[in-house]
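Whatever order the structure lists ligands and atoms in, that order sets their numbers, starting from 1. All values reported here derive from a predicted model rather than from experimental measurement.
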Amino acid sequence: MTTRRPLVAANWKMNGRLASLRPLVAEIRAGVEGCRAEVALCVPFPYLGEVGSKLAGSAIELGAQNVSEHESGAFTGEVSAAMLRDYNCRFAVVGHSERRTLYGESDALVAAKFVHAIRSGLTAILCVGESLAERESGQTEEVVARQLDTVIKTAGVEQFSQAVVAYEPVWAIGTGRTATAEQAQEVHAFIRLRIARHDDDVADGLRIIYGGSVKGGNAKEIFAMADVDGGLIGGASLNGAEFVQICRAA
Ligand code: 13P
């Protein structure tokens, strides 16, 4: 079995301003020095340059929260993977539940973004996860399988060696209601098995991270599960001390 290096990625979403983010980056940079986990900051597009320059010389990676499915052209307001590469982005989040639900991103669109990100040399962080209604009606596996299968079919399973999957149950995002470590493990194991149906080695090496109300106080227990390889952190990543604590827990 491969040992997978844990990844803790901050997703700041549309929060903060330059003035508040500068000290946050400095605090995170100093705090995660020497950390075993890989650490990434997925920041709003306009701040990629500034945050990137503040991370220069550190091991912290830069990421974006979204990416276009197109290479270039008349797509007003969109940002291409190549543009992200110009800013030394390593990661791009694709298919976050907020994009799926608030901006109507379909499984097919998410798959196209995934393909484009990887083709351009980014590591895609593919988000999957069920809503509360779907969990309560016993459809968790069906929903996650559908989200995953569209991408496997479009991209091919080999592409997952340049990807991370984030399991983010929608009911746990920003609600303070975290999945239990066992609930997370159950779905993470399911995701790994789903990939293993196509390729054992890819499944074994794939980092599957958990997102949804991860805090300094609950990270350790969740990250201790066999198939949980780190976290995608929203609210708690806007607090330097707490985010550092989460990184250290991984
Ligand atoms: P919270 O950590 O705020 O619940 O957000 C999780 C998330 O959506 C990360 O992408």
Shortest heavy-atom approach to atom 3 (O) of ligand 1 - which of Gly211, Gly235, Pro169 | Gly235

Quick look: Asn11 vs ligand 1, heavy-atom contacts under 4.0 Å, and the answer is side chain

Look at the side chain of Trp12 and the backbone N and O of Pro44, then say whether any donor-acceptor pair between them is shorter than 3.5 Å.
-> no

Mark up the atoms of ligand 1 that fall under 4.0 Å of a heavy atom belonging to Gly212, in ascending order.
-> 4 (O), 6 (C)

Side chain, backbone, both or neither: Ala172 near ligand 1, heavy atoms under 4.0 Å = backbone

From the list Arg100, Lys113, His96, side-chain hydrogen bond (donor to acceptor under 3.5 Å, both in side chains) partner of Glu105 resolves to Lys113

Take Tyr87 and Tyr47 through the ring pair (Phe, Tyr, Trp, His ring centres under 6.0 Å) test and state the conclusion after the steps.
-> CA-CA 10 Å; Tyr87 280 89; Tyr47 299 150; over 10 Å; no

Partner of Lys13 by side chain to side chain contact (heavy atoms under 4.5 Å, CB included), out of Val43, Val93, Ile173 = Ile173

Under 3.5 Å: donor-acceptor pair, side chain of Arg207, backbone of Arg5 | yes

Please determine if Ser213 has a nitrogen or oxygen closer than 3.5 Å to a nitrogen or oxygen of ligand 1.
-> yes

What atoms of ligand 1 come closer than 4.0 angstrom to any heavy atom of Leu232?
-> 9 (C), 10 (O)

Relative to the ring of His188, is the ring of Tyr210 parallel (under 30°), tilted (30 to 60°) or perpendicular (over 60°)?
-> tilted

If you draw a 6.0 Å radius around CD in Glu134, do more than 12 non-hydrogen atoms from other residues or ligands fall strictly inside?
-> yes

Side-chain (Ser213) to main-chain (Gly176) donor-acceptor, under 3.5 angstrom | yes

Polar-atom distance check: His96 versus ligand 1, any N or O pair below 3.5 Å?
-> yes

Should you measure from each heavy atom of Gly174, which atoms of ligand 1 turn up under 4.0 Å away?
-> 1 (P), 3 (O), 4 (O)

Under 4.0 Å from one or more heavy atoms of Glu168, ligand 1 contributes atoms 6 (C), 7 (C), 8 (O), 9 (C), 10 (O)

Does even one non-hydrogen atom of Lys215 get within less than 4.0 Å of ligand 1?
-> no

Gly234 N/O to ligand 1 N/O under 3.5 Å = yes

